[in-house]
Amino acid sequence: MSDKIQVGVLGATGMVGQRYIKLLENHPWFEVTYVAASPRSAGKAYKDAVANRWLIGADIPCAVANLVVQDANDVNSAIGKCKFVFSALEMGKEEIKALEASYATKGIPVVSNASANRWTEDVPMLIPEINYSHLDIIEKQKENHSWDKGFIVVKPNCSLQTYMMPLHALIKAGYPVKRMIVTTLQAVSGAGYPGVASYDMIDNIVPFISGEEEKTEKECLKILGSVQGNHIENASYPIVSSTCTRVPVIDGHTACVSLEFDLPEDKKPSLEQIEKIWTSYTSVPQELHLPSAPEQPIVVRHEENRPQPRRDRETEKGMACVIGRLRKCNVFDVKFVALSHNTKRGAALGGILNAELLKAKGFFDNL
């Protein structure tokens with residue numbers, strides 16, 4: 001009998017759910033034993049529920065293909081079949097909040113990709129390299145809701161993964177950032193499936209993504225905040241101005257970033273210092289040797305035309321932030337181009353890394 005932790009995937013038939021299913025195949029710590037989706041998929045074998053819409057480009061894992069899909073709304077069906085669940089639910093926000101809370105109430109922790117609980121004040125919005133200390137709020141979260149074993153952890157918006165680690169590395173090194181301008185060029189996979197109509201994307205750029213600019217400007221402040229009593233207190237800086245666009249790229253979000261440091265001129269870092277900070281940056285996931293953690297979280301390229309999604313998105317198993325074109329900025333202090341894999345680091349594999357950190361820190365020990 002396997003000694004791996006049995007896990008479930010909610011929203012297992014959707015694009016992110018499918019990515020979870022594939023990425024968890026042969027995972028050293030976790031095995032998928034429960035899949036759930038909408039009522040229209042419930043009762044079918046997983047392979048039949050995703051027939052003709054399996055999007056990952058490889059065979060459905062044999063261990064999951066014949067699992068019977070359950071109705072995600074039937075929380076009791078998960079009891080005894082899995083120890084915790086990954087949430088890739090595609091529903092209204094209030095519905096997701098209520099359903100994730102229902103799983104936690106039943107003693108099943110939720111590691112969520114959904115945005116519904118990102119602004120719940122006692123729910124950590126986690127990038128493991130940056131705000132691993134926010135896990136300290138979990139015991140208070142459980143007290144707040146009278147949960148015994150269940151809890152909720154979420155990951156941030158996919159576009160933030162593109163520049164949050166380089167930003168955190170600079171702040172951690174003693175170079176606080178006051179203001180930041182970000183323009184994102186986001187891949188079509190970020191819109192899910194079927195996503196943006198092909199007629200809108202071919203030979204085109206769409207300069208608006210609903211809700212993205214608000215997420216870009218605000219979520220970073222919670223991630224950089226701190227646990228204060230029974231809530232997470234947001235940071236005050238940096239002030240962020242963003243423009244979010246959709247571009248005809250399958251996978252890989254790119255961001256053009258300009259930073260202004262909150263320091264006197266003679267105390268600001270040089271380009272050489274910034275690069276050294278980035279290339280030497282490691283954190284708790286690397287120290288713990290978590291299976292999905294990149295050995296080098298930030299990779300700097302020196303070619304004048306990199307990073308590029310097709311060439312660089314798979315760097316470090318799709319979990320690195322790849323940076324290029326670091327240079328002086330005529331308006332702020334420095335500017336650069338950054339890239340991350342939005343459906344790996346920005347979605348399912350980022351969620352798996354969150355779960356690995358939770359396991360390594362003992363949060364699944366008594367399930």
Side-chain angles (χ1 to χ4, degrees), residues 1-37 46-47 50 54-70 78 80-89 103 108-114 126-129 132 135 151-155 158 161 251 283-295 297 313-320 340-367:
M1 186 174 184
S2 173
D3 59 358
K4 294 181 182 181
I5 298 175
Q6 296 180 329
V7 306
V9 179
L10 309 181
T13 59
M15 189 171 188
V16 175
Q18 290 181 27
R19 183 74 72 175
Y20 268 117
I21 296 298
K22 190 60 185 176
L23 289 170
L24 288 165
E25 184 179 22
N26 301 319
H27 190 280
W29 294 356
F30 308 136
E31 64 176 343
V32 178
T33 57
Y34 176 81
V35 288
Y46 184 76
K47 63 182 180 183
V50 297
W54 176 254
L55 305 167
I56 304 305
D59 290 340
I60 299 170
C62 293
V64 177
N66 292 309
L67 289 179
V68 176
V69 179
Q70 305 297 317
K81 296 187 178 71
C82 60
K83 298 298 185 181
F84 73 90
V85 293
F86 292 103
S87 172
L89 293 166
Y103 279 86
I108 301 173
V110 179
V111 180
S112 182
N113 260 72
L126 198 63
I127 296 178
E129 284 86 353
Y132 48 85
L135 295 181
F151 56 84
I152 301 171
V153 171
V154 303
K155 58 168 296 302
C158 54
Q161 320 287 331
D251 288 318
S283 189
V284 168
Q286 289 71 43
E287 294 167 8
L288 294 174
H289 302 288
L290 301 182
S292 300
E295 291 184 16
R313 61 193 171 209
E314 295 292 346
T315 302
E316 291 279 351
K317 303 173 289 188
M319 291 294 282
S340 68
H341 198 307
N342 59 296
T343 64
K344 290 189 177 179
R345 167 62 85 159
L349 199 51
I352 292 169
L353 183 63
N354 284 352
E356 291 169 356
L357 179 63
L358 288 163
K359 178 189 179 301
K361 291 294 186 178
F363 285 91
F364 298 146
D365 287 353
N366 297 315
L367 298 179

How far does [atom1] of [X] sit from [atom2] of [Y], to the nearest 0.5 angstrom?
X	Y	atom1	atom2	value
Ile56	Ile21	CD1	CD1	10.0 Å
Asn354	Leu349	CG	CG	10.0 Å
Leu55	Arg19	CG	CZ	9.5 Å
Glu356	Leu288	CD	CG	10.5 Å
Lys22	Leu24	NZ	CG	11.5 Å
Met319	Gln161	CE	CD	8.0 Å

### Query
Should we count NZ of Lys361 as having more than 12 external heavy atoms under 6.0 Å?
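At most 12 heavy atoms, drawn from other residues, nucleotides or ligands, come within 6.0 Å of this atom.
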### Task
Start with the C-alpha gap between Tyr103 and Ile152, add the side-chain angles, then the distance that decides, and say whether side-chain contact (heavy atoms from CB on, under 4.5 Å) holds.
CA-CA 9 Å; Tyr103 279 86; Ile152 301 171; over 6 Å; no
### Task
Please step through salt bridge (charged side-chain N to carboxylate O under 4.0 Å, His left out) for the pair Glu314 and Lys344, ending with a clear verdict.
CA-CA 9 Å; Glu314 295 292 346; Lys344 290 189 177 179; 2.8 Å; yes
Indicate yes or no for a side-chain donor-acceptor contact from [X] to the backbone of [Y] under 3.5 Å, with no hydrogens or angles considered.
X	Y	answer
Gln286	Ser283	yes
Gln18	Thr13	yes
Glu129	Pro285	no
Tyr46	Ala12	yes
Thr33	Lys81	yes

### Query
Do Pro109 and Phe363 touch side chain to side chain, with heavy atoms closer than 4.5 Å?
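No - every pair of side-chain heavy atoms lies 4.5 Å or more apart.
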### Message
Any heavy-atom pair between the side chains of Val69 and Val50 that's under 4.5 Å?
### Response
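Answer no - side chains too far apart.
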Shortest non-hydrogen contact from [X] to [Y]?
X	Y	value
Tyr20	Gly351	OH-CA, 3.4 Å
Ala360	Leu290	CB-CD2, 3.7 Å
Asp365	Lys359	OD1-O, 4.5 Å
Ala88	Gly17	CB-N, 3.8 Å
Leu89	Ala114	O-CB, 4.4 Å
Cys158	Asn342	CB-O, 3.9 Å

### Query
Are Lys155 and Ile352 close enough, and set up right, to give a side-chain contact (heavy atoms from CB on, under 4.5 Å), and what steps lead you there?
CA-CA 10 Å; Lys155 58 168 296 302; Ile352 292 169; over 6 Å; no
### Query
Using the ring of each side chain (for Trp, its six-membered ring), is Phe364 parallel, tilted or perpendicular to Phe84, with breaks at 30° and 60°?
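Rings of Phe364 and Phe84: parallel, under 30°.
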### Task
Please work out which of the three classes, parallel, tilted or perpendicular, describes the rings of Phe30 and His27, given edges at 30° and 60°.
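Taking Phe30 first and then His27, their aromatic rings lie parallel (interplane angle under 30°).
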### Query
Testing Val284, Val153, Val111 for side-chain contact (heavy atoms from CB on, under 4.5 Å) with Leu357, which one passes?
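Looking at Val284, Val153, Val111, the match for Leu357 under the side-chain contact (heavy atoms from CB on, under 4.5 Å) is Val284.
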